[in-house]
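Shown next, in structure tokens, is the structure this report addresses.
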Amino acid sequence: GCGNGKDSKDKNKVIEVATQSPLSGGSATLGDSIKLGAQMELENQKADFKKLGFDLKLVPYDDQGDPTKGVSNAEQIAADTSILGVVGHLNSGVAIPSSLKYEKAHIPMVSPANTATEVTDRGLSSVNRICARDDFQGPAGANYAVNTLKAKNIYIIQDKTAYGTGLADAFKDAAAKLGAKIVGYEGITVGEKDFNGVINNIATKKPDLVFFGGLYAEGGLIIKQAADKGLKMPFMGGDGLDSSTLVEIAGDAVKNVYYTSVAADTLKVAGGQEFANQYKKEFNKNIESYSAYGYDSMGVILQGIKNAIKDNNNKMPSREEVEKAVRDIQDFNGVVTKVGFDEKGDNKFAKVYIYHFDETKYPGKQIDEISK
Amino acid sequence: MLKISNLTKKFGGLTAVCDVNIEINAGTITAIIGPNGAGKTTFFNMITGVYTPTSGQIMFQNESLVGLKPHAVSRKGIARTFQNIRLFSSMTALENVMVGMHQHLNYSVLSTLLHLPTYKKKEKMAMKKAYKWLEYVGLEELYNEEAGCLSYGAQRRLEIARALATEPKILLLDEPAAGMNPKETKDLTNLIYQMRDDLNLTVVLIEHDMKLVMEISEYLFVLDHGEKIAEGKPIEIRNNPKVIEAYLGKSAVTTA
Amino acid sequence: MKEDILVNDVIQSLPQVLVDGFILGAVYAIVALGYTMVYGILELINFAHGEIFMSGAFIGTAFLFVFSGLGLFHSLPALLILIIVLVLTSVLTGFVGMGIERVAYRPLRKAPKLITLITAIGISFLLQDFVRFITELKRGNYILTGPSLFNTQHSIKTHSILSVFGNAQIKSASIIILVVAVIMMITLDFFINKTKWGMAMRAVAQDRETASLMSVNVNKVISLTFFLGSALGGATGVLFAVQYNTIDPYIGFILGLKAFTAAVLGGIGNIRGAMVGGFVIGILEMFASANLSTLTSGVLGSEYKDVFAFAILIIVLIFKPEGLFGKSVAEKV
Amino acid sequence: MDKIKGYLQQNKLAQAILICVYVLTTSLSLYLLQESVVAFLLVLFSLYLLYLTHFKNSIKWISAIFILTILIPYVSSQGTAFQSYMDVSTLVGIYVAMALGLNIVVGLAGLLDLGFIAFFAIGAYTYAIFSTNQVTNFIHTNFFPLTGNSFWLFIFIGGFVAAISGILLGIPVLRVKGDYLAIVTLGFGEIIRIVFNNLDRPINFTNGAKGISGIPSPTIFGYVLSDSNQFYYVVLALLGIVILAVTRLENSKLGRSWKAVRENEIAAQSMGIHLVRTKLLAFAIGASFSGMMGVVFSAKQMFIDPTSFTMLQSITILVMVILGGMGSVPGVILGAALVTILNLQVLTEVTNYLNQLTLDGVISIPTALSPAKMQRFIFGMVLILVAIFRPQGLLPAKNKKVNKEDLIETHTEEHKQTISM
Amino acid sequence: MTLLKLNEINSFYGGIQALKNISLEVNEGEIVTLIGSNGAGKSTTLKTISGQVKPKSGEIYYKNQDLLKLPTHNIALKGIAHVPEGRKIFSKLTVKENLEMGAFSVKDKKIIKERLERVFNYFPRLRERIDQKGGTMSGGEQQMLAIGRALMMGPSLLMLDEPSMGLAPIIVEQIFEIIEQLNSEGMTILLVEQNAYQALQIAHRGYVIQTGEIQMVGEGKTLMNNEEVKKAYLA
Ligand SMILES: Nc1ncnc2c1ncn2[C@@H]1O[C@H](COP(=O)(O)OP(=O)(O)OP(=O)(O)O)[C@@H](O)[C@H]1O
Ligand SMILES: Nc1ncnc2c1ncn2[C@@H]1O[C@H](COP(=O)(O)OP(=O)(O)OP(=O)(O)O)[C@@H](O)[C@H]1O
Ligand SMILES: CC(C)C[C@H](N)C(=O)O
Ligand SMILES: [Mg+2]
Ligand SMILES: [Mg+2]
């Protein structure tokens, strides 16, 4: 039968780790990169675990960027007792409800990409993330926009998703506090291609800078269509713009764009190039911003599992044990980030990076790095 | 019983019914005849509320029907059949008749949901009564058949049964004999008499079958181009030269 | 801000908003035509039509890539390339549409009307995934940005006509889209209303059995309808790709929804209605997203533009239940 | 083959034995093979077999209730997959109830509604707003937020609010017919979703795109129902009520009016049926089921946001109704169950299985084609195939046949009464 | 010469047999009528000829060509016009367009014009209403339109299914006159009628059909005087 993929004989020896990210739908590129990153790290460590006497397996789930689907998958993940950890999600909107199910089943979740504050603010012991939060990223961007780029009048667009709203609000509040004037605050619809309406509104408001809270697909088009209309002011966005596709979509117009990201430029960090090479070799794809974060999230979980195994005299640990072991991680060194969780599950070493495209090429040039 | 005065209906530039005055007495069988497109069906449609008259008055038992919706007209006691049959075709014959009993079945939604005794009793009664109506028009064998599968003649009779189930005071029949052969028309004639006598009905019918019309109706109105061109007893109408010219034709006079 | 400043802002950007609205509306209008044609003949909301449009966009972009790969961009005028791509793509999508009808709709002609809706939805899903699969296989990413053909900007001097207006910008791609769209619409309108085959299509729409008694080959007429509708949809896809450059397999769904709304607004089954409906929805949307927040001093923003469009649709339908151009034919009883 | 069929059709004893054997074997296999989704599905399938048997309705009902309330929870409770089975079953129950509501509107009254999910959303948000801190943004008393105790009351409030919205929508739009109505309802659905997505400004009612979290689980006598197996019973009970209500309405004067309106509006009116009222009732009753289930959904998920209420969801529910067989209660139940299970369980499981094979290197599928991404493709394929091979739906609606004995008068007295009317 | 020949035709609607071993012939230049009560299978016979219903078994020859395998529209092309029961007007097309649809297979504009003129002469009412939508015409007007539309095909065999249904006596009279006139101009006619009296009067030959079977064949006048026919259909 379908559900009987695993051999029941040596069932106790199998350790599974799930990934949940959108593998289909609008943001599947990023979702896929998380899965592949995680998959790569899991493959790398298979041999290690074999030595410990365990078979390591990946169980990728597709949350379709849809909370209902995510919750239902989470329920299934909870049901599969060999699963000891989850790498995911991409979208905070999906992570927030799904994590309630992990919490109940004590499955540790390590998120490579969820920046919304609420993800960890609820104090769930199973929920962790290795990236920075929106209330760090937003103000960092605002600070750069107001103090470095000297923007006085700022126009904010957001895509009306949980992520976009959260980031845009964080940016807005910080920018306002720094003395900038918010001359427009508009929402757009995800999936559409014509944003001339909002752009016309920008044109009449003539801001010094436009901030976009949302993903690259819409962001790229807005940037491009604004450039077509002759708007010259700089654009700024968050980690949602951090994708090679942005450059493809926006073309030359991208040269006017700044973005904050919670992801470091993988190629610039030590060992990053090797990572990218191996990734390319295994999957015949270029890395995305979150590929390495998927990889490191998996690393964190596997580290937690290893620690738990050790504490449990080399026997199969329980989920509760792994959950605790993961939260206890204090100095994990991944490819792109060091990881140490605080009591809420936020990564103490998470940083925000500021990039600027000075050429029509991804990734942009890292111009600043901010740590807490 | 039914008094219509100065009734007019215009469709855009076309005047389908023009300034018609007609009075119908209780318990009679009245026919409305006239060439095709004379406005007969339109006339029925105005009485039953399907179309709103452009002007004019329709009084039924001293109440105005103008402006009432079809369901309200039906509740006042006027039932009809349609020229182009309009049955609930995927419901059974029995259900069709039961729909006709709608307004006389008074139990609440609550008693339906709770299956209260009133619901059960009334529903059972309704079923039996509906069956009686089917028997009345001779369709009892077909009660479980889907209405859409019945033959043309059976469908016409089912429409009559359904109309009767609303327990009307006046029954309007729009070409009930169309598509029937002389034998079947004969049966229909008997049915109409029977309805009038058993049920105390007033019957108004539109029909092109002169044999039926001349035999059955006590009084006739003739419409042409929306206007009433004649009225009277069958014998008068038959010999009215205007009617012969506009409607009957020469041979019809001889055969009818 | 004071009232008149608000109004000034709105008026000043009006020419630009109208230009943009017209372009978006043109796209809606032609896609709406495809819905209307199929609806007119089969009384089927062909949900897959949005996906035909989407396939057209991808096929067209693929052609553009091939042509630029062959270096034709330097040797041929852009307009000629566009025309060639339009023709090739519309023929291809036309056949796709015909094929869909043959495989998925024809077996269901006698089935209840709504069951065909299910196959239409099925086909939509299938096409979305299929196109996604091919693109991803070829390019590793299904968001596709094609080569751009016409990028010159023109300025329309509306300011000199009326000083309260600002000037409007228009890309040459947009001008071409408008022109091609209008040509397509006029041709189609002529075809449907003035030619024998158009009349046959309308007759088949009403009563297939009787039409076949008039020696009309019903299957052929239906195939023709699907071919035309889908060719038109595919061609619009190409225009869309040229205008916005970036496409993904899910554009058909959203756009199809809007276009269908437009078709209904105009009076579904009515060719001219679909066109007008498309333009109206396009302009309304553009106007709402540019001005809603100004007009409501920030209470409602451009995120309400669809609410605005749908609300207008609902209001129109309440007062004119058969759509703007649908004739209110009182049912003959 | 045909002979066996014929024999089975006649012999009730054989049917009884067969179904008992079937239920026993499948239950046993589920009991032993806890993680086998197939076994779980096979147990569920027994309900369909039960439906096909020729027993009296009361026997069928009792057996079904037994299977649903005792057998399934018990035999699946042995392993860890228990909660996941119960979760899927709960969702199935929620969708079945909604589909039954839509069936009244589309199947019985013939009004094509493409925005049905809006009522679900309204129910869900009603509970979510008043039971969380959201409410304190606009009502400032200590009374709010309400606790999980209020859930029971909110089932009715949710249904009621949805019904009212149904009527409010219906009054203006029912002049609009057929596919025009479809697009108007679609527009309504979208409007509701967009408004919920944006009502975080100027006053924060819905928390916008961020959604509302921390929705309390129902409590009863101080006991918190938060596990799927507990929700399962809540949903089952509600579903029972819904099914009962639908079947009873269908065979009443109101049900007949709906069908009559669907078949021929003009004739229906001429039979004294109030068109607008009849249609509004269909809207309201259909919507109320959806609203009720919305409340359950938000309590079960503990979090809701507008992405759960998209047009795609409306279409999915419509698919359930049409696929099962419009106007047919058993059909709609089957359709809803199949689509939900297919989407939530089967496709995910097949995907996982194929993924496993790919990861193990048994087969190699390009990532673009990775089954995980082909769910829509597969779903689309299933839809097309079912439609082509079962164009009337899986269990088409049948007219209720009446026994002649029930129609013939026994008392002459009544007879006289009828004729003299 | 035999124009149309049906041999042992059996037709079904789903499981219901509507025609049982129907054999009939129509000779060139004849008016042949089919009479029978409701549900006898008269319409089904016509539908079987025009290909709308495909028989389970039997043979149909028209001008010695096998019709069985042909789709409806090709049968129409052979010159068989079928005026269906219930008129079946294209309700959203105008009167003119309805008529033009009748001439769908005619390429020559001039011929179309001539035929249009002729139809208008038969039915002046249609000329008056040339731009009215077919669906809003009264019953009788629609019947005229349906016959006119069939004549636009310029058929060699005209099959009429209850053309007098719902028509004023004066029009019925006219229609029968037109039928006779068309026939005298050489058109072969197969007429289904409830109005058995008038049908038999103008028919050369008649078939009586009962529950899907041919009961009697004979000359029009003979049938009219037959006692059984009188009792059952002429009353
Ligand atoms: N809804 C409508 N719109 C436009 N014209 C209409 C409409 N209904 C009827 N008419 C026109 O009004 C006139 C009268 O039609 P009506 O149906 O009342 O005739 P009738 O007397 O019933 O004829 P018949 O005996 O042929 O049924 C006709 O010319 C018809 O074309
Ligand atoms: N579409 C159909 N589906 C099922 N049964 C049908 C269908 N059409 C006709 N029948 C049945 O076939 C038989 C012959 O019908 P047909 O229409 O040929 O009769 P007819 O002689 O033309 O009668 P009428 O005078 O009423 O027009 C009847 O029993 C009828 O109920
Ligand atoms: C891909 C990212 C833009 C995701 C985002 N950081 C979120 O939390 O939803
Ligand atoms: Mg009439
Ligand atoms: Mg017939």
Side-chain angles (χ1 to χ4, degrees), chain C residues 39 43 45 47 103-104 107-108 110-112 114-130 132-138 140 142 253 257 260-261 263-265 267-268 298-301 303-307 309-311 313-315 317-319 321-323 326 331 333, chain D residues 106-107 112 114 169 172-173 175-184 186-192 194-195 197-198 201-202 265-267 270 311-312 315-316 318-319 321-323 326 366-369 373-393 396:
Chain C
Y39 185 90
E43 295 226 329
I45 303 177
F47 265 106
V103 175
L108 291 172
K110 295 212 173 70
L114 280 180
I115 198 90
T116 333
L117 201 70
I118 299 280
T119 46
I121 293 169
I123 295 274
S124 292
F125 286 170
L126 218 117
L127 274 178
Q128 277 175 16
D129 250 7
F130 184 72
R132 197 220 73 238
F133 164 58
I134 301 281
T135 327
E136 219 176 334
L137 201 62
K138 288 272 174 226
Y142 60 78
F253 187 77
L257 185 66
F260 184 68
T261 309
V264 169
L265 179 68
I268 187 154
V299 176
L300 303 179
E303 59 271 18
Y304 280 97
K305 74 174 163 53
D306 289 349
V307 172
F310 279 123
L313 170 86
I314 293 178
I315 291 168
L317 288 186
I318 287 171
F319 290 103
E322 55 292 313
E331 197 180 349
V333 182
Chain D
V106 180
L112 185 52
L114 288 182
L169 166 70
V173 309
R175 268 163 54 81
V176 179
K177 291 206 179 91
D179 294 314
Y180 288 90
L181 183 66
I183 206 76
V184 168
L186 184 154
F188 172 74
E190 284 295 282
I191 288 176
I192 293 284
I194 298 172
V195 166
N197 200 27
N198 290 306
R201 280 192 309 154
E265 281 189 7
I266 290 178
S270 295
M311 190 197 139
L312 206 61
I315 292 183
T316 309
L318 187 67
V319 165
V321 174
I322 304 174
L323 210 58
M326 265 185 295
T367 45
L369 191 58
K373 302 176 162 191
M374 294 309 253
Q375 288 198 3
R376 280 198 171 188
F377 188 90
I378 300 170
F379 187 53
M381 208 64 183
V382 171
L383 290 186
I384 296 170
L385 292 179
V386 175
I388 290 181
F389 290 105
R390 291 305 293 260
Q392 306 290 324

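All values below come from the heavy atoms of this structure, side chains included, with hydrogens, waters and symmetry mates left out. As the structure is a prediction and not an experimental result, all values here were calculated from the model. Chain letters run A, B, ... following the sequence lines, proteins first, then strands; residues in each count from 1.
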For [X], is it the side chain, the backbone, both, or neither that has a heavy atom closer than 4.5 Å to a heavy atom of chain D?
X        : result
C:Gln128 : side chain
C:Leu114 : both
C:Ile318 : both

[X] versus chain C, the contacting section by heavy-atom distance below 4.5 Å:
X        : value
D:Pro172 : both
D:Leu385 : neither
D:Val386 : neither
D:Leu169 : neither

Does atom CZ of C:Phe130 have more than 12 heavy-atom neighbours from other groups under 6.0 Å away?
no

If you measure from CD1 on C:Ile121 to CD1 on D:Ile322, what distance do you get to the nearest 0.5 Å?
6.5 Å

CD1 (C:Ile45) and CG (D:Leu112) are apart, to the nearest 0.5 Å, by 6.0 Å

Kindly write out the residues that satisfy side-chain contact (heavy atoms from CB on, under 4.5 Å) with C:Val103, not counting sequence neighbours, or none if the list is empty.
none

Can you find a pair of side-chain heavy atoms, one from C:Ile314 and one from D:Ile191, that are under 4.5 Å apart?
yes

Given side chains that start at C-beta, do those of D:Leu186 and C:Phe260 come closer than 4.5 Å, heavy atoms only?
no

Any residue meeting ring-ring contact (aromatic ring centres under 6.0 Å, His included) with C:Phe125, in chain and number order, not counting sequence neighbours
D:Phe379

Counting heavy-atom pairs closer than 4.5 Å to chain D, which one of C:Thr116, C:Ile115, C:Leu117 comes out on top?
C:Ile115

Pick from D:Asn198, D:Val176, D:Val382 with the largest number of heavy-atom pairs that fall under 4.5 Å of chain C:
D:Asn198

